Amino acid sequence: MATRAGIGAPRRSGDRSGGRATGYNVGAPSWRYFDPILLVAALALTAYGALMIYSAALPRDAPGVVISEPVVRHIASAAAGAIAMFVAARVNYRLLDVLGWFAYAFGILLLMAVLVVGVEQFGSRRWFDLGFTLVQASEIAKLLTIIGLAKFLTDYRDRLHEPRIFLLSLAVALAPALLVFLEPDAGSSSVFLVLWAVMAAFAGASAKHFLVLGAALMALVPAVLVVGVQDYQRDRIASFFDPESDPQGSGFNVLQAELAVGSGGLTGKGFTEGTQTQLDFLRTQTTDFIFSVLAEELGLAGAMVLFALFLILILRLLRAITKAPDSFGQLLIAGIVTLIAVQTFIAVAVNIRLLPVTGIPLPFISVGNASMLVLFAALGIAQSVLLHRDT
């Protein structure tokens, strides 16, 4: 049934909430609906990432095969993530509607706690030290915010045309975005706002409201640049426009990444044969600049393989939206596909100087414990929507 909110959610018998994920019997998952292509695409991306991390972390003049700590961490995180995916798939996603605000509140508490007890690296306080690994709070909060937004937009979808409800939906994303900005992490902060914009538009928010809000935000940009942007962020913006002004400082990463990508050509210099990578001119090459490693060593052909795998993953998630039995499930998957797509775009754009350096990991490819777990758990939620469509 089409709704005013623009979400085509079929209404089940006994569901008087207009598509809300409530009033359903909790049954066993129907594994015949499991999407194996979604899983294979994620695992293929993870394996591709392991290869690139292996090359990026390979010690200079290493004799034979050397499995470094980043590779082990990447594979271990992927294994734990795959388990999390199947666990999440088995649990009825409608439980998230019941626990939505608790999940969202937990994400806010994590972001507040990391500002107080988090570990500081590279001038930012973003990580919890668990002893055996560091966990980035914002990665967990992104998924929990998707759950909170899906619940809010489902509960109030018939009132999104009201300015107050529209702004309240923005506040759901703005709270974690501001906390992340304080870490400071402007890149991840922007991801929360993009999540809100896409999910609110998908839920049927008025285009007029977006235009008015956009105009107001544009008017505030000068004030934000003066007051809200810290010195290192100004350096990143300056190096983005003119990296040659400080080639050994703030512009170094930008120039080296650009050189690595440009020198890869059509087929690349060969696996483990990249000069910028193997001579350690690329910094943070297993995280922020992993795409530069891939482009230098495997060239445009390797990049096209990467984009094809992401395209398959995204198309399968879009297909899952059409199979979702209610608006809550549709919004959950819309948020998940947005999270993967926007972070992929930002991570690649940084490496080819379309955006300033932000520190956003390339999904499934960059080393990142929390990121990998969250992504696989998110895919598990998408699978749960498919598996529980008949319950």
Side-chain angles (χ1 to χ4, degrees), residues 49 52 56 111 114-115 118-127 134-143 145-146 173-174 176-198 217 221 224-225 228-243 246 249-258 260-261 282-295 303 306 310 338-372 374-375:
M52 292 300 98
L111 294 177
V114 80
L115 293 174
V119 175
E120 184 172 344
Q121 289 188 357
F122 311 112
S124 295
R125 193 179 296 274
R126 309 178 188 177
W127 298 269
L134 297 178
V135 173
Q136 190 167 346
S138 61
E139 295 301 318
I140 301 172
K142 288 170 187 174
L143 181 56
T145 299
I146 288 173
L174 192 58
L178 289 175
L179 288 170
V180 171
F181 189 80
L182 292 175
E183 293 177 355
D185 185 356
S188 290
S189 180
S190 66
V191 171
F192 288 91
L193 300 180
V194 175
L195 283 171
W196 164 77
V198 173
L217 291 177
V221 166
V224 172
L225 291 176
V229 178
Q230 299 195 15
D231 290 341
Y232 88 97
Q233 293 168 329
R234 291 192 183 92
D235 290 340
R236 284 184 174 182
I237 294 172
S239 65
F240 167 69
F241 288 106
D242 185 15
D246 188 11
S250 60
F252 184 83
N253 286 345
V254 176
L255 291 171
Q256 297 305 320
E258 197 170 26
V261 173
L282 278 174
R283 297 170 183 170
T284 61
Q285 64 263 43
T286 62
T287 52
D288 298 355
F289 292 98
I290 191 71
F291 180 77
S292 295
V293 176
L294 186 152
L306 178 74
F310 273 119
T338 301
L339 178 65
I340 294 172
V342 71
Q343 293 200 150
T344 299
F345 172 78
I346 292 174
V348 172
V350 163
N351 282 252
I352 57 177
R353 202 149 73 89
L354 288 179
L355 290 174
V357 177
T358 61
I360 296 290
L362 183 56
F364 301 103
I365 305 295
S366 299
V367 172
N369 301 332
S371 174
M372 186 71 75
V374 166
L375 288 169

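These numbers come from a predicted model, not from an experiment.
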Donor-acceptor under 3.5 Å ([X] side chain, [Y] main chain):
X	Y	value
Arg126	Pro184	yes
Asn351	Ser292	yes
Ser366	Pro361	no
Ser190	Gly187	yes
Thr287	Thr284	yes
Ser189	Asp185	no

Report yes if some heavy atom in the side chain of [X] is under 4.5 Å from a heavy atom in the side chain of [Y]; otherwise report no.
X	Y	value
Val357	Phe289	yes
Pro363	Phe310	yes
Val350	Phe291	no

Margin query: For Ala370 versus Ile140, what's the shortest heavy-atom pair and its separation?
Written below: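 Minimum heavy-atom contact is CB-CG1, 4.5 Å.
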
| task | Take Leu178 and Phe192, measure what side-chain contact (heavy atoms from CB on, under 4.5 Å) needs, and give me the verdict at the end. | result | CA-CA 9 Å; Leu178 289 175; Phe192 288 91; over 6 Å; no

Just how far is it from atom [atom1] of [X] to atom [atom2] of [Y], taken to the nearest 0.5 Å?
X	Y	atom1	atom2	value
Ser371	Ile365	OG	CD1	10.5 Å
Ile340	Phe364	CD1	CZ	5.0 Å
Leu294	Met52	CG	CE	5.0 Å
Ile290	Gln285	CD1	CD	8.0 Å
Leu339	Ile146	CG	CD1	4.5 Å
Thr145	Trp196	OG1	CH2	14.0 Å

**Prompt:** Residues two or more places apart in sequence or in another chain: which of them pass side-chain hydrogen bond (donor to acceptor under 3.5 Å, both in side chains) with Gln121?
**Reply:**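 Result, side-chain hydrogen bond (donor to acceptor under 3.5 Å, both in side chains) vs Gln121: none returned.
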
- Query: Which residues satisfy the side-chain hydrogen bond (donor to acceptor under 3.5 Å, both in side chains) test with Ser138, sequence neighbours excluded?
  - Reply: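 Per chain and number, Ser138 pairs via side-chain hydrogen bond (donor to acceptor under 3.5 Å, both in side chains) with Gln136.
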
Go through the steps for Arg125 and Glu183 under the test salt bridge (Lys or Arg N to Asp or Glu O under 4.0 Å), then give the verdict. CA-CA 5 Å; Arg125 193 179 296 274; Glu183 293 177 355; over 6 Å; no

### Task
Please identify each residue that fulfils side-chain contact (heavy atoms from CB on, under 4.5 Å) with Ala341, with sequence neighbours left out.
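If we apply the side-chain contact (heavy atoms from CB on, under 4.5 Å) test to Ala341, skipping adjacent residues, the hits are Ile314.
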
Check: Do NZ/NE/NH1/NH2 and the carboxylate oxygens of Glu258 and Arg353 come within less than 4.0 Å?
Finding: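 The answer is yes: the pair qualifies as a salt bridge.
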
- Identify which one of Leu134, Val114, Val135 satisfies the side-chain contact (heavy atoms from CB on, under 4.5 Å) criterion when paired with Val119.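 It is Leu134; the other options fail the test.
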
Evaluate side-chain contact (heavy atoms from CB on, under 4.5 Å) for Val198 paired with Val342, printing each intermediate quantity in order.
CA-CA 10 Å; Val198 173; Val342 71; over 6 Å; no

>> Could you walk me through whether Leu362 and Gln343 satisfy the side-chain contact (heavy atoms from CB on, under 4.5 Å) test, starting with their C-alpha distance in whole Å, then the side-chain angles of each, then the deciding distance to 0.1 Å, before giving a yes or no?
In response: CA-CA 6 Å; Leu362 183 56; Gln343 293 200 150; over 6 Å; no

